[in-house]
Amino acid sequence: SSPDNEGVTPELEKAGLLNKTKIAEGGRKLRKNWNPSWVVLVGNSLVFFKDPKSQNPESWKPGNSRPESSVDLRGAQLQWANDLSSKKNVFKLRTVTGNEYLLQSETDSLIREWYMTIQRVIDRLDAE
Ligand code: I3S
């Protein structure tokens with residue numbers, strides 16, 4: 001972030017449409033329910049929106065659109081998880097609190113970019 005921006009607005013790293021399902025809550029297994037989700041990686045968090053209006057950058061500003069949920073990436077773990085789904089291009093994100101999400105895209109390059117970008121944020125937080 002620019003010096004002016006330091007400590008004010010968290011950095012927007014990436015945003016896009018992915019298929020998402022939560023598969024565990026606090027370590028307890030949940031039934032899968034795949035849905036398209038507008039995913040925003042901002043600062044140390046991955047934020048999920050179900051509202052298609054959230055695809056408008058204006059609406060990501062704090063207070064303009066209510067996220068469905070948000071994941072703190074500090075201490076999180078990421079791994080490819082094609083064994084956990086019949087879909088291709090699936091990875092699993094596990095939070096320190098034992099929440100687990102599968103994220104998926106039909107587009108190989110797109111899912112690889114998401115994986116690398118999220119991993120980079122996790123690595124940065126691990127190094128702090
Ligand atoms: O891992 P599972 O349980 O085979 O996941 C599938 C089911 O959740 C299925 O719904 P039902 O709960 O009605 O059986 C979903 O429609 C599928 O999408 C899930 O599998 P995939 O392979 O798509 O992750």
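In listed order, ligands and their atoms are each counted from 1. Treat the numbers as computed from the prediction; the structure is a model and nothing was measured.
The protein atom (non-hydrogen) at minimum distance from atom 8 (O) of ligand 1 is Lys32 CB, 3.3 Å. Atom 18 (O) of ligand 1 has as its closest protein heavy atom Trp34 CD1, 3.4 Å. What sits closest to atom 14 (O) of ligand 1 on the protein, heavy atoms only, is Arg31 NH2, 4.2 Å.
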Evaluate side chain to side chain donor-acceptor pair (under 3.5 Å) for Asn19 paired with Asn35, printing each intermediate quantity in order. CA-CA 5 Å; Asn19 294 315; Asn35 280 117; over 6 Å; no

Tell me, with the steps shown, if Leu46 and Ile118 meet side chain to side chain contact (heavy atoms under 4.5 Å, CB included). CA-CA 8 Å; Leu46 200 60; Ile118 295 171; 4.0 Å; yes

Show your working on ring pair (Phe, Tyr, Trp, His ring centres under 6.0 Å) between Phe48 and Trp38 and close with a plain yes or no. CA-CA 6 Å; Phe48 301 119; Trp38 184 253; over 10 Å; no

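Less than 4.0 angstrom separates atom 20 (O) of ligand 1 from at least one non-hydrogen atom of the protein. In this structure, atom 4 (O) of ligand 1 has its sub-4.0 angstrom surroundings free of protein heavy atoms.
Ionic pairing of Lys29 and Glu100 is not present here: no N-O contact between side-chain nitrogen and carboxylate oxygen is shorter than 4.0 angstrom.
Counting atoms of ligand 1 from 1 in the listed order, those under 4.0 Å from a heavy atom of Ser85 are 21 (P), 22 (O), 23 (O), 24 (O). For ligand 1 and Lys87, the ligand atoms under 4.0 Å from any heavy atom of the residue are 23 (O). Against a heavy-atom cut-off of under 4.0 Å, Ser86 is close to the following atoms of ligand 1: 21 (P), 22 (O), 23 (O).
Remark: side-chain polar atoms of Ser105 are paired, donor with acceptor, to backbone N or O of Thr107 under 3.5 angstrom. For the pair Asn89 (side chain) and Ile111 (backbone), a donor-acceptor distance under 3.5 Å is absent.
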